[in-house]
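The structure appears below as structure tokens.
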Amino acid sequence: QVQLVESGGGLVQAGGSLRLSCAASGRTSSMYAMGWFRQAPGKEREFVAAITRSRGNTNYAASVKGRFTISTDNAKNMVYLQMNSLNPEDTALYYCAADSTPLLGPRVRSSDYDYWGQGTQVSVSS
């Protein structure tokens with residue numbers, strides 16, 4: 001089992017930045033890739049970014065490309081999401097997820113991920 005705990009959410013003005021963190025514990029050796037997803041009220045959960053832990057291959061949703069950066073610190077079992085140029089449409093509950101299936105790259109479907117955190121709220125005011 002893997003446990004994931006997100007932190008770093010908060011309220012920020014449009015144009016501002018936040019850095020989300022996700023701490024992993026348990027069977028972290030089974031984590032092949034890490035992802036961030038988000039869910040706004042009344043909307044489906046959507047992919048934000050993902051990264052493979054060994055090679056650092058990344059994948060981003062079109063809506064965040066160029067503004068958000070995903071990174072990992074494997075020694076600390078951490079994954080981060082640096083979010084710049086935030087806008088009100090980025091307001092959502094952000095989830096960290098772990099994918100234990102190897103060799104398939106940083107995947108984008110939530111159903112591909114085996115472990116999930118509880119989420120951290122990001123609110124962007126206009």
Side-chain angles (χ1 to χ4, degrees):
Q1 288 287 342
V2 172
Q3 294 78 43
L4 303 172
V5 178
E6 304 95 334
S7 61
L11 175 63
V12 64
Q13 287 190 329
S17 298
L18 280 175
R19 187 195 195 205
L20 304 184
S21 299
C22 174
S25 60
R27 286 193 61 197
T28 57
S29 60
S30 67
M31 300 187 307
Y32 174 72
M34 304 295 294
W36 286 97
F37 291 77
R38 66 187 182 186
Q39 188 167 18
K43 293 189 176 182
E44 301 269 324
R45 187 174 298 189
E46 65 174 359
F47 170 76
V48 175
I51 186 169
T52 57
R53 296 181 76 223
S54 58
R55 295 194 172 196
N57 295 331
T58 58
N59 200 349
Y60 294 94
S63 59
V64 307
K65 208 166 192 177
R67 300 189 298 125
F68 291 11
T69 303
I70 188 171
S71 61
T72 61
D73 183 335
N74 292 335
K76 296 181 179 179
N77 291 316
M78 297 289 295
V79 61
Y80 305 99
L81 186 68
Q82 177 66 43
M83 306 186 295
N84 299 327
S85 302
L86 285 161
N87 59 62
E89 290 70 40
D90 296 315
T91 294
L93 189 61
Y94 281 71
Y95 296 92
C96 174
D99 178 0
S100 61
T101 304
L103 304 178
L104 292 179
R107 299 193 284 179
V108 305
R109 296 185 307 178
S110 59
S111 59
D112 291 330
Y113 288 77
D114 307 292
Y115 305 101
W116 292 84
Q118 294 299 307
T120 185
Q121 179 67 39
V122 172
S123 299
V124 184
S125 63
S126 57

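For clarity, every value in this text was computed on a predicted model and none was experimentally measured. No hydrogens, no waters, no symmetry mates; every other heavy atom, side chains included, goes into these values.
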Group every Ile, Leu, Val, Met, Phe, Trp and Tyr by side-chain heavy-atom contacts under 4.5 Å, then state whether [X] and [Y] land in the same group.
X   : Y   : answer
M34 : L18 : yes
I51 : F37 : no
M31 : F47 : no
Y80 : V64 : no
V2  : Y95 : no

Identify the two heavy atoms, one from [X] and one from [Y], that lie closest to each other, and give their separation to 0.1 Å.
X    : Y    : result
A33  : G105 : CB-O, 4.4 Å
Q121 : S123 : NE2-OG, 3.4 Å
S100 : P102 : O-CD, 3.4 Å
L4   : A24  : CD2-CB, 3.6 Å
S17  : S85  : OG-N, 4.3 Å
Y113 : A97  : CD2-CB, 3.6 Å

Could you state the interatomic distance from [atom1] ([X]) to [atom2] ([Y]), rounded to the nearest 0.5 Å?
X    : Y   : atom1 : atom2 : answer
K43  : L93 : NZ    : CG    : 14.5 Å
W116 : E6  : CH2   : CD    : 9.5 Å
K76  : T28 : NZ    : OG1   : 15.0 Å
D90  : R38 : CG    : CZ    : 4.5 Å
N74  : S29 : CG    : OG    : 12.0 Å
Q118 : S7  : CD    : OG    : 13.5 Å

Would the distance check show the side chain of T52 and the main-chain N or O of N57 forming a donor-acceptor pair, the cut-off being under 3.5 Å? yes

Side-chain (Y60) to main-chain (I70) donor-acceptor, under 3.5 angstrom: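 Between the backbone of I70 and the side chain of Y60 there is a qualifying donor-acceptor contact (under 3.5 Å).
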
Testing the 3.5 Å rule here: is there a donor-acceptor pair between the side chains of R107 and T101?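 On atom types as modelled, these side chains qualify, holding a pair under 3.5 Å.
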
Which word best sums up how the rings of F68 and Y94 line up, parallel for under 30°, tilted for 30 to 60°, or perpendicular for over 60°?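 Tilted.
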
Could you give me the CA-CA distance, side-chain angles and deciding distance for N77 and R53, then say whether side chain to side chain contact (heavy atoms under 4.5 Å, CB included) is met? CA-CA 10 Å; N77 291 316; R53 296 181 76 223; 3.0 Å; yes

Would you check if S71 and Q82 make a side-chain contact, meaning some heavy-atom pair closer than 4.5 Å? no

My understanding is that only one of L81, T91, L20 makes a side chain to side chain contact (heavy atoms under 4.5 Å, CB included) with V122; could you say which? L20

